Amino acid sequence: MPASALSDLRRSLGGTSFIEKGEGEPILLIHGVGLNAEAWAPQIAAFSATHRVIAMDMVGHGESLPLAEAATLDDYVAQARRLLDDLGITAANVVGHSMGGLVAMGLAIAHPQRVKRLAVLNSVHERSPEARAAVEARAAAIAPGLGFESTLDRWFDKDEQALRDRVAAWLTTVDLSAYRAAYRVFATSDRAFSGALSGILCPALFAAAEGDPNSTPAMAEAMAAAAPRGRSAIVAGARHMMPLTHWQETNALLQALLAERLSGFDNRELRTAFGSFMTGVTIVTTAGVDGQPRGFTANSFTSVSLEPPLLLICVGESAASMEVFRQAKGFAVNILSEAQKDTSVLFASKRADKFDMARWRPGPFGNPLIESSAAWFDCARYQVIDAGDHIILMGHVEAFSYSDANPLGYARGHYITLGLEQAAVNAASSSSRTVVGAILESDSKLVLLPDPARPNGLSLPEVGRSGPSGSASQLHDFLAREGLDATLGFLFAVFENGATREQCIYYRGEALLHARGRTVLADFEDIPWDRLPDEATRSMLRRYAAERKIGRFKVYSGDHRQGTVKAVD
């Protein structure tokens, strides 16, 4: 990219000059001592097609205002943070070259929430005593009329004359006091992060040039080893100015870094862990600027404050209605009752006719309220906060109402109906022995186990049939011992077995077989009825098989002869 084209892209905010090009996820580029934002020309050209690229001039370099000569590394870090603030950027991918690498690391350690991914190119870390003495001597020798030939000899090969001349022009025109201040910081800050790189928790690349005698490959490897998600890369045949001289290799390394996931966790596993926290279910609604109602199902709802009355919800940045909610003057939170599971499913879909299918009315502040909700809050927009892959939308409660209806719950990927779960609580707290079991499917077959009390007998996986009463935790342990990786979902039946005087609680779920072991898999069309323990079990499984065919399960509560059936799906 020609220098003239870069100059046309220059802007200035708060005393910092920078080049900005492109749209998308931000990348902040920080150059080294004596250079300026134009040193990133190959990276600006490559990444501005997909990202918002900002290449800054360090203080005293390019067109940025200078600092006092007594400036510290913290002052350069503060400049980068202020530029992100001035540009309204919550977090960016940060790339630093040479001293810019020290600034980038300082930003990642002091303000980890501001750095998504980190790239440190040709930087320094824990110099040897000899190398430290040499660089400090060069810093002390900086004076008017200083030549840069020895510097350029270290930075370039002989066949890189055109690039050498361009960099020489930058070095010879930089303000001398600013150069002296930056070089002193660069010379004395190689130990600034000793023992602190463990605080860099984001994906981090530490790259060096094979032929760089001062910012060595060993330094890059040591930094990568100290950062939890760090990795090193060595560019063959390159020297200190590899972002300019070996830009293809450098850009390939940066592209790989930008493709890394921000979390080191498996997203599905993390979602499952989050799902262990039982929540209520809400529908969040608003009226767009066009007056049309918009809404979605959410369980990311939290009360925040009573004075002032505040609450918050989270909206995914990938949600189709995210910008509508960001711009709206307010929103409503409708806490669903246990009878509104179908409404929850409706608003979790992408259907365009959600509000045609649901009963609702405008609230006092103008936002749609879902009829029959357990409670609702009509809110004015109070604050919008960017947070990772969501926005946090904070609302000031303008009006609210509630009823005595049981709220709909959600945990581990399933809806929970409190009224029905109470039957299990009552059964478990009775004086009778409690049997806790599961109707499990594996590969669409029923999971059965040999019944040790009856020759050739089979039973459902269960605990508490003999000895002390069973519990859900004991059932989980029992299933694990049997080699069953089971996920228990809805309650299916709660009843008293009149023949045995046992309280029986059965869940339904899915199972993966780590090892077949004692497990018997039965087709639902060919269940061995005569091998099951009693009529109560047979009756329960007949109902399960029938409801399974139509895909609509219900919960039975009563005794082994009669009771009530309540829908949950």
Side-chain angles (χ1 to χ4, degrees), residues 3-4 6-20 28-41 44 53-87 89 92 94-107 110-111 114 120-124 135-148 150-152 155 166-190 192 215 240-241 243-244:
S4 58
L6 289 176
S7 297
D8 293 341
L9 299 173
R10 275 195 180 275
R11 296 175 56 198
S12 182
L13 282 173
T16 294
S17 173
F18 60 95
I19 295 168
E20 181 176 16
L28 177 65
L29 304 172
I30 310 173
H31 62 77
V33 177
L35 308 179
N36 61 62
E38 293 179 13
W40 294 107
I44 296 170
V53 180
I54 300 103
M56 61 178 283
D57 289 333
M58 287 200 307
V59 286
H61 291 67
E63 298 178 14
S64 289
L65 296 178
L67 279 175
E69 227 175 294
T72 67
L73 180 59
D74 288 342
D75 292 316
Y76 293 90
V77 172
Q79 181 202 14
R81 179 190 56 76
R82 283 195 304 272
L83 180 59
L84 292 179
D85 290 343
D86 291 341
L87 291 171
I89 297 174
V94 180
V95 182
H97 173 248
S98 192
M99 178 179 162
L102 293 175
V103 177
M105 283 190 284
L107 187 65
H111 307 284
R114 310 302 297 271
V120 177
L121 312 177
N122 308 93
S123 199
V124 292
V135 73
E136 287 180 343
R138 291 197 293 272
I142 296 172
L146 172 72
F148 292 97
S150 61
T151 298
L152 294 167
W155 287 4
R166 188 191 310 174
V167 172
W170 295 332
L171 291 173
T172 54
T173 56
V174 71
D175 178 82
L176 183 62
S177 62
Y179 181 86
R180 183 187 294 115
Y183 201 95
R184 178 184 51 77
V185 170
F186 179 65
T188 58
S189 298
D190 62 297
S215 302
H240 189 67
M241 290 303 296
L244 273 176

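Here the structure is a predicted model, which is why all the values come from computation and not from measurement. This chain uses plain numbering: 1 for the first residue, then up along the sequence. Scope of the values below: all heavy atoms of this structure, side chains included, with no hydrogens, waters or symmetry mates.
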Closest heavy-atom pair and its distance - [X], [Y]:
X	Y	answer
His97	His240	NE2-O, 2.8 Å
Ala80	Leu107	CB-CD2, 4.4 Å
Leu152	Ala168	CD1-CB, 3.7 Å
Ala104	Val94	CB-CG1, 3.6 Å
Ile19	Ala37	CD1-CB, 3.8 Å
Ser98	Ser123	O-OG, 2.8 Å

His31 and His61 aromatic ring geometry - parallel, tilted or perpendicular at 30°/60° bounds
tilted
Please report the C-alpha distance between Tyr179 and Phe148 in whole Å, then the side-chain angles of each, then the deciding distance to 0.1 Å, and finally whether the ring pair (Phe, Tyr, Trp, His ring centres under 6.0 Å) criterion is met.
CA-CA 12 Å; Tyr179 181 86; Phe148 292 97; 5.4 Å; yes
Below 4.5 Å, heavy atoms only, C-beta onward: do [X] and [Y] meet side chain to side chain?
X	Y	answer
Leu87	Leu13	yes
Glu136	Arg184	no
Trp170	Glu38	yes
Pro243	Val95	no
Leu102	Tyr76	no
Ser17	Met56	no
Val185	Thr72	no
Met241	Leu35	yes

Might you work through the side chain to side chain contact (heavy atoms under 4.5 Å, CB included) test for Ile30 and Met99, ending with a clear yes or no?
CA-CA 8 Å; Ile30 310 173; Met99 178 179 162; over 6 Å; no
Would you kindly say whether [X] and [Y] are connected by a side-chain donor-acceptor distance under 3.5 Å?
X	Y	answer
Glu63	Ser12	no
Ser64	Asp57	no
Asp175	Ser177	yes
Thr16	Arg82	no

Spell out, as yes or no, whether a donor-acceptor pair under 3.5 Å connects the side chain of Gln79 to the backbone of Val59.
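Confirmed, Gln79 side chain pairs with Val59 backbone.
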I'd like to know if the side chain of Arg138 and the backbone of Thr151 have a donor-acceptor N/O pair within less than 3.5 Å.
no
When rounded to the nearest 0.5 Å, the distance separating CG of Asp75 from CE of Met58 is 12.0 Å
Begin with the C-alpha distance, continue with both residues' side-chain angles, and end with the deciding distance and a verdict on side chain to side chain contact (heavy atoms under 4.5 Å, CB included) for Asp85 and Arg114.
CA-CA 10 Å; Asp85 290 343; Arg114 310 302 297 271; 2.9 Å; yes
Picking from Leu28, Val53, Leu83, Asn36, what satisfies side chain to side chain contact (heavy atoms under 4.5 Å, CB included) with Phe18?
Leu83
Test log, rule side chain to side chain contact (heavy atoms under 4.5 Å, CB included), inputs Leu244 and Trp40
CA-CA 7 Å; Leu244 273 176; Trp40 294 107; over 6 Å; no
